[in-house]
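Because the structure is a prediction, the values reported are computed rather than measured. We number each residue from 1, following the sequence as shown. No hydrogens, no waters, no symmetry mates; every other heavy atom, side chains included, goes into these values.
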Amino acid sequence: MDTEQRQADFSYCENMIKKHSKSFYYAFSQLPSEKANAVYAIYAFCRTADECADGEHSAIEKTRMLRQLKKELDLFHEGAEVDKPLWRALRHVFDTYDMDINPFYDQLTGQSMDLAFISPNTMNELEKYSYYVAGTVGLMLLPIIASKASVDLRVAVINLGVAMQITNILRDIGEDYHEKNRIYLPQEELSYFHYSQNDLHNSLINENFINLWEKLAARAESLYEGFLVNIDMLDADSRVPVYLSAHIYRGILDAVRNNGYQCLTKRNYVTKEKMAQINTSVIRRFDLWEGEALTGEN
């Protein structure tokens, strides 16, 4: 493949992340260009898979699209990929990094769980689902951001993906229910906090809802911390962008809180100004850490 074609393929992937995830693009665009392009290609695969389950198509068409994507992934795995920008870009990624194909297949399993959606009964079931649709992304990215990955780091990046998925769920409760007829909040937790489907249907925000929401938010924040304590295990050139992406996504939780927990009729997000503030804070923190390392201070 010539350089011009490769650049065009990665531009296709970059435009996809620019359009659909400003927060991820803001963070990962700060990686070295080779690594950033690899992230864009992985994002493009995950976005393509997500659109099979959440796009504006009929259930039959969504199933067909997901099966087609699985066939194309099979061909890619066999070294006979379809001649499309996504697969050409991913081939370069697989040729450059020590990639594992299994998380890509697991991602498709997660999307199939959305096609045949059943509300989780327990937090364990929610986290299992979250692994398939988001923890897998952490495993896909791991060879790019950490050239010496350990078992602990594998667990950490899965934790980050699960934390981000729980954050998505807490941000999109109303949208998921009213537009997709899905309730990702575990049934056991709904019962424990005495918050009913009728309450959700009426977009009721009361003390019970807030306590339920904060229970899940606390779990997400614990998982974020489980990742962040391992940040020094990443490659030096990847620490700031990944740390930044975690903090920006974690910031969605505070955005919901600051809007009075209004996530049933309103979409919450981290503003450009807030992202810039987080970016400045993260850079200062890493500068401080590096300075302490150089001076031997704790």
Side-chain angles (χ1 to χ4, degrees), residues 12-14 16-17 19-21 23-25 28 35 37-55 57 59 61-78 81-82 84-94 97-118 120 125-146 149 153-169 172 176 180 182 184 220 223 227 242 245-246 249:
Y12 166 86
C13 299
E14 181 176 4
M16 193 176 290
I17 191 172
K19 178 180 179 181
H20 295 289
S21 184
S23 59
F24 279 141
Y25 182 69
F28 286 113
K35 289 190 172 188
N37 282 334
V39 172
Y40 302 155
I42 290 170
Y43 177 90
F45 170 81
C46 295
R47 182 69 196 184
T48 301
D50 183 69
E51 288 178 352
C52 293
D54 287 336
H57 302 280
E61 179 64 10
K62 288 177 180 178
T63 300
R64 187 202 67 76
M65 291 168 62
L66 191 59
R67 286 175 178 168
Q68 177 60 33
L69 187 59
K70 165 65 164 52
K71 289 180 182 178
E72 293 186 9
L73 182 59
D74 288 340
L75 288 170
F76 178 83
H77 186 37
E78 294 165 4
E81 61 268 12
V82 178
K84 294 179 180 178
L86 168 62
W87 298 115
R88 291 194 299 264
L90 275 179
R91 176 55 61 201
H92 181 70
V93 174
F94 271 68
Y97 299 96
D98 185 20
M99 302 294 292
D100 179 3
I101 197 70
N102 291 314
F104 291 79
Y105 280 106
D106 282 350
Q107 170 69 205
L108 299 189
T109 297
Q111 299 306 328
S112 69
M113 292 169 74
D114 271 337
L115 283 179
F117 181 75
I118 300 174
E125 288 183 10
L126 175 60
E127 291 188 26
K128 180 179 179 180
Y129 161 79
S130 296
Y131 159 74
Y132 279 106
V133 296
T136 53
V137 181
L139 292 179
M140 292 177 200
L141 296 177
L142 189 57
I144 298 161
I145 60 177
L153 192 53
R154 283 178 60 84
V155 173
V157 297
I158 291 172
N159 284 343
L160 178 60
V162 172
M164 288 179 166
Q165 182 60 26
I166 295 174
T167 300
N168 280 341
I169 288 167
D172 299 337
D176 287 333
K180 302 175 184 176
R182 297 177 190 167
Y184 289 100
L223 291 169
F227 168 76
V242 175
S245 71
Y249 227 78

Provide the closest heavy-atom pair for [X] versus [Y] in the form atom of the first, atom of the second, distance.
X      : Y      : result
Ala134 : Gly161 : CB-O, 3.1 Å
Val93  : Ala41  : CG2-CB, 4.0 Å
Ala146 : Leu153 : CB-CD2, 3.5 Å
Cys52  : Leu115 : O-CD2, 3.9 Å
Leu108 : Ala49  : CD2-CB, 3.8 Å
Met164 : Ala246 : CE-CA, 4.0 Å

Side-chain heavy-atom pair [X], [Y] within 4.5 angstrom cut-off:
X      : Y      : value
His77  : Phe104 : no
Asp100 : Leu139 : no
Val39  : Met140 : no
Lys70  : Ser112 : no
Leu73  : Leu69  : no
Phe24  : Tyr249 : yes
Thr109 : Tyr129 : no

Given Arg64, Glu72, Lys71, the one that forms side-chain hydrogen bond (donor to acceptor under 3.5 Å, both in side chains) with Gln68: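 Looking at Arg64, Glu72, Lys71, the match for Gln68 under the side-chain hydrogen bond (donor to acceptor under 3.5 Å, both in side chains) is Glu72.
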Mutual orientation of the aromatic rings belonging to Tyr184 and Phe117 [parallel < 30°, tilted 30-60°, perpendicular > 60°]: perpendicular
Aromatic plane relationship, Phe94 with Phe76 - under 30° parallel, 30 to 60° tilted, over 60° perpendicular: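 Because their plane-to-plane angle is over 60°, the rings of Phe76 and Phe94 count as perpendicular.
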Step-by-step side-chain contact (heavy atoms from CB on, under 4.5 Å) determination, Tyr97 to Lys35: CA-CA 10 Å; Tyr97 299 96; Lys35 289 190 172 188; 3.4 Å; yes
Identified side-chain contact (heavy atoms from CB on, under 4.5 Å) partner of Lys62 from the options Gln111, Arg67, His57: His57
Intermediate values then yes/no, side-chain contact (heavy atoms from CB on, under 4.5 Å), Tyr131 and Gln165: CA-CA 8 Å; Tyr131 159 74; Gln165 182 60 26; over 6 Å; no
Over 12 non-hydrogen atoms of neighbours within 6.0 angstrom of NZ in Lys180: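 Correct, the count exceeds 12.
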Flag for Asp74-Tyr105: side-chain donor and acceptor within less than 3.5 Å: yes
Residues Tyr43 and Glu14: side-chain donor-acceptor under 3.5 angstrom: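 Absent: no donor and acceptor within the cut-off.
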Basic-acidic side-chain contact under 4.0 Å: Arg182, Asp54: yes
Presence of salt bridge, Glu125 and Lys128, under 4.0 angstrom: no
Reported CG-to-CD1 distance for the pair Asp98 and Ile144, which is rounded to 0.5 angstrom: 11.0 Å
Backbone of Val133 reached by a side-chain donor or acceptor of Gln107 within 3.5 Å: yes
Donor-acceptor pair, side chain of Ser21 and main chain of Ile17, under 3.5 angstrom: no
side-chain contact (heavy atoms from CB on, under 4.5 Å) between Leu90 and Leu86, worked out: CA-CA 6 Å; Leu90 275 179; Leu86 168 62; 4.0 Å; yes
Step-by-step side-chain contact (heavy atoms from CB on, under 4.5 Å) determination, Phe28 to Leu141: CA-CA 11 Å; Phe28 286 113; Leu141 296 177; 4.2 Å; yes
